[in-house]
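As the structure lists them, so they are numbered: ligands from 1, and atoms in each ligand from 1. Excluded from the calculations below are hydrogen atoms, water molecules and symmetry mates; all remaining heavy atoms, backbone and side chain alike, are included.
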Amino acid sequence: MLKRLLPKKSSKAQNRYSEREHGIKRQDISRQAIEVVDALKSHKHEAYIVGGSVRDLLMGLHPKDFDVATDARPEQITRILPRSRIIGRRFKIVHARAGRDLIEVTTFRGHHDKPTGRGGSHAQQSKSGLLVRDNVFGNLEEDAWRRDFTCNSLYYDPIDGTLIDYCGGLEDIRAGRLQTIGDPQERFREDPVRMLRAVRFEAKLGLKLDQDSREALRHNRQMIAEVAPARLFDEIIKILLTPYAELALEKLLNCGLFEQLFPATGEQLAQGDRTRRLLLAAMRNTEARLAEDKPVASFFLYALLLWPAVRAQFLALKHSGAAPQEIMDQAGNLVLDRQAGRILIPRRFTQPMQDMWRLQVRLENRQPGKASRTLREDKFRAGYDLLLLREESGEALGGLGQWWTDFQTQEGPSAEDEPSASDRPSGRKKRRRRRGAPSPAG
Ligand code: ATP
Ligand code: MG
């Protein structure tokens, strides 16, 4: 058992690189992160900058945040760093506030089947191999082998400028490889979110996942259903609310993870090209908005991802005799209920999603009085954007999108400037709506 967990490369493979060799400049590291490392070191602890920030710097990207790894235990960290607190149970980490930044500080992890000495283990694994708790602490080297990919297992000391690499991450980055640490099958089973992370890093960084991991991912894709639905909500946002959304979605579709995450939409994918076209058009739209610094809300993304399923459900219920808006609400509820088994979408998001779907019915009504009222609906912009995307993906709606574009110009825009501007629930903003704001049509 232990043999299997041991790293393929021996610890002699540890490499230390100087600034001249690795090229990371100290001035590119956030001052706050350096202060955190400094504070821990001045208390005789080991501390390094680690993870995505080191990887991003090596790849010439701007890190979005900085993570620190240390041999100090969570309780010790909170004593050393002011304004810090322990969060998480499954995986205890410390959030340290430094200036306006939030630095995530983690204690080195050890092997999860390592005895803790006091009886009982601080790690728990389910029958399928899923690691349900992982608070076994270890040393720097053990920590390096517990990380997910070699490119994420690089430790930078901002005080002396050394980069420490146990797993060959620097070489892999330079060769464009995304390499799972250890046996990919086992690592994906321990934590299936790593499969999503693989997709995300491929899309974001342009690295190529190694062949073994690719096969392990295909083989274990159903395991994603074992992940807590609440955890997946954010993971999807991290993959698809990004400047590389289209590529990431293509990858999710191609490796079969998408159908696991969104089974009802997955069924529609099998019915023809239109669903795929809609989803990809939505991702392009997200990318374009982000490129223009416009906000894209999570509810908007999820409403789109589920729309094909909601539409199918609506058509199935259509002849029930109820009013179309009611049927749309029913369809939405059914799809959301089913989806909750996989991804838990918080209520503050499901409400505006339902508003957007209901608007698909209301937008069909072009009578001037009704249309004016629809235009003043809180989520009009988001609903209208969905309508345009439906048309773009080949749904024949009789020029409805263009009609609404023209209608808004005539009426003078009254709806929210940004379709998906806010994740705030609908309703509250109604009274604050501005009239006469410039139309952001299209
Ligand atoms: P980004 O910040 O761009 O999302 P990241 O790699 O920094 O990427 P984080 O979620 O911030 O991702 O995690 C920080 C580091 O913690 C990772 O680089 C990796 O070393 C480790 N890590 C995160 N999630 C896992 C996981 N599920 N399994 C193993 N190691 C992980
Ligand atoms: Mg990070």
Trainee: Is the closest basic N to carboxylate O distance between Arg187 and Glu190 below 4.0 Å?
Mentor: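 Yes, Arg187 and Glu190 are salt-bridged.
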Trainee: Hey, is Asp355 close enough to Arg358 for a salt bridge, meaning N to O under 4.0 Å?
Mentor: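 Salt bridge: yes.
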Trainee: Closest non-hydrogen protein atom to atom 30 (N) of ligand 1, residue and atom name please, with distance?
Mentor: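 Nearest protein contact, heavy atoms only, for atom 30 (N) of ligand 1 is Asp148 N, 3.3 Å.
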Trainee: Output, in order, the C-alpha distance, side-chain angles, deciding distance and verdict of salt bridge (Lys or Arg N to Asp or Glu O under 4.0 Å) for Glu235 and Lys238.
Mentor: CA-CA 5 Å; Glu235 289 300 327; Lys238 278 201 237 163; 3.5 Å; yes
Trainee: Do Arg109's NZ or CZ and the ring of Phe91 fall within the cation-pi criteria of under 6.0 Å and 45°?
Mentor: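 The answer is yes, since Arg109 meets both limits relative to Phe91.
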Trainee: Leu261 and Ile343: which non-hydrogen atoms are nearest, and at how many Å?
Mentor: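 Closest approach of Leu261 to Ile343: O-CD1, 3.8 Å.
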Trainee: What I want to find out is whether Glu35 reaches Arg31 closely enough, with some N-O distance under 4.0 Å, to be called a salt bridge.
Mentor: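 So Glu35 pairs with Arg31 through a salt bridge.
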Trainee: Heavy-atom contact under 4.0 Å between Val193 and ligand 1?
Mentor: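 Outside the 4.0 Å threshold, so no.
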Trainee: Taking the non-hydrogen atoms of Glu190, is any one of them nearer than 4.0 angstrom to ligand 1?
Mentor: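 Per 4.0 Å heavy-atom rule, Glu190 does not contact ligand 1.
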Trainee: Of all the atoms in ligand 1, which lie at a distance below 4.0 Å from a heavy atom belonging to Arg146?
Mentor: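 That gives atoms 29 (C) of ligand 1.
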Trainee: Pull out every atom of ligand 1 sitting under 4.0 Å from any heavy atom of Arg200, numbered as shown with elements.
Mentor: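 Matching atoms, with element in brackets: 1 (P), 3 (O), 4 (O).
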Trainee: Which of the atoms in ligand 1, numbered in the order shown and given with their element, are less than 4.0 Å from a heavy-atom of Gly51?
Mentor: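 Selected atoms, number and element: 18 (O).
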Trainee: Taking distance alone, with no angle check, do Ser53 and ligand 1 share an N/O pair under 3.5 Å?
Mentor: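 In fact, backbone or side chain, Ser53 has no N or O that close.
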Trainee: Has Arg55 got any heavy atom lying under 4.0 angstrom from an atom of ligand 1?
Mentor: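 Heavy atoms of Arg55 do come under 4.0 Å of ligand 1.
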Trainee: Arg194 heavy atoms, cut-off 4.0 Å: which ligand 1 atoms fall inside?
Mentor: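 So the atoms of ligand 1 that pass are 26 (C), 27 (N), 28 (N), 29 (C).
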Trainee: Could you tell me the residue and atom name of the protein heavy atom closest to atom 24 (N) of ligand 1, and the distance to it rounded to 0.1 Å?
Mentor: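 Going by distance alone, atom 24 (N) of ligand 1 is nearest to Arg197 CZ, 3.2 Å.
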Trainee: Is Arg284 atom CZ crowded by more than 12 heavy atoms from other residues, nucleotides or ligands, each under 6.0 Å away?
Mentor: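 Correct, the count exceeds 12.
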Trainee: For ligand 1, note which part of Asn152 has a heavy atom under 4.0 Å away: side chain, backbone, both or neither.
Mentor: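 It is both parts that get close, each with some atom under 4.0 Å.
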Trainee: When only distance counts, is Ser153 in polar contact with ligand 1, meaning an N/O pair under 3.5 Å?
Mentor: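 No, no N or O pair falls under 3.5 Å.
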Trainee: Which atoms of ligand 1 sit under 4.0 Å from any heavy atom of Phe201?
Mentor: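 Every atom of ligand 1 under 4.0 Å from some heavy atom of Phe201: 6 (O), 8 (O).
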Trainee: Looking at Arg231, I want to see if its CZ is surrounded by more than 12 non-hydrogen atoms of other residues, nucleotides or ligands under 6.0 Å.
Mentor: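 Yes, CZ of Arg231 has more than 12 neighbouring heavy atoms, counting only those of other groups under 6.0 Å.
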Trainee: Hey, mind stepping through Glu292 and Lys294 against salt bridge (Lys or Arg N to Asp or Glu O under 4.0 Å) and telling me if it holds?
Mentor: CA-CA 5 Å; Glu292 292 170 44; Lys294 290 183 186 171; 3.3 Å; yes
Trainee: So if I count the atoms of ligand 1 from 1 in the order they appear, which ones are less than 4.0 Å from some heavy atom of Asp67?
Mentor: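 Near Asp67, meaning under 4.0 Å from one of its heavy atoms, ligand 1 has 7 (O), 11 (O), 14 (C).
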Trainee: So if I count the atoms of ligand 1 from 1 in the order they appear, which ones are less than 4.0 Å from some heavy atom of Lys204?
Mentor: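 It comes down to these atoms of ligand 1: 3 (O).
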Trainee: Under 3.5 Å, N or O to N or O, is Lys238 touching ligand 1 that way?
Mentor: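 No, no N or O pair falls under 3.5 Å.
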Trainee: Would you call Lys204 and Asp56 a salt bridge, using N to O less than 4.0 angstrom?
Mentor: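 Yes, this pair counts.
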Trainee: Evaluate Asp191 for polar contact with ligand 1, using N/O atom pairs at a separation under 3.5 Å.
Mentor: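 Yes - when backbone and side-chain N and O of Asp191 are compared with those of ligand 1, one distance drops under 3.5 Å.
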Trainee: Do Ile80 and His45 have side chains that approach each other closer than 4.5 Å (heavy atoms only, starting at C-beta)?
Mentor: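 Result yes, sub-4.5 Å side-chain heavy-atom pair found.
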Trainee: Give the numbers and elements of all ligand 1 atoms closer than 4.0 Å to a heavy atom of Gly52.
Mentor: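 Those of ligand 1 that fall under 4.0 Å from Gly52 are 5 (P), 6 (O), 7 (O), 18 (O).
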Trainee: Atom 2 (O) of ligand 1: which protein heavy atom is closest, and how many Å away?
Mentor: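 Answer, as residue, atom name and distance: Lys64 NZ, 2.8 Å.
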Trainee: Are Asp157 and Lys41 within salt-bridge range, i.e. N to O under 4.0 Å?
Mentor: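 Yes, Asp157 and Lys41 are salt-bridged.
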Trainee: What pair of heavy atoms forms the shortest contact from Tyr156 to Gly161, and how long is it?
Mentor: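 Closest approach of Tyr156 to Gly161: CE1-O, 3.7 Å.
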Trainee: Quick one: report the N, O or S atom of Asp67 that is nearest to the Mg ion (ligand 2).
Mentor: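 Within Asp67, restricted to N, O or S, the Mg ion (ligand 2) is closest to atom OD2.
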Trainee: Provide, to 0.1 Å, the distance between atom 16 (O) of ligand 1 and the closest protein heavy atom, together with that atom's residue and name.
Mentor: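 I find the closest protein heavy atom is Arg147 NH1, 3.2 Å.
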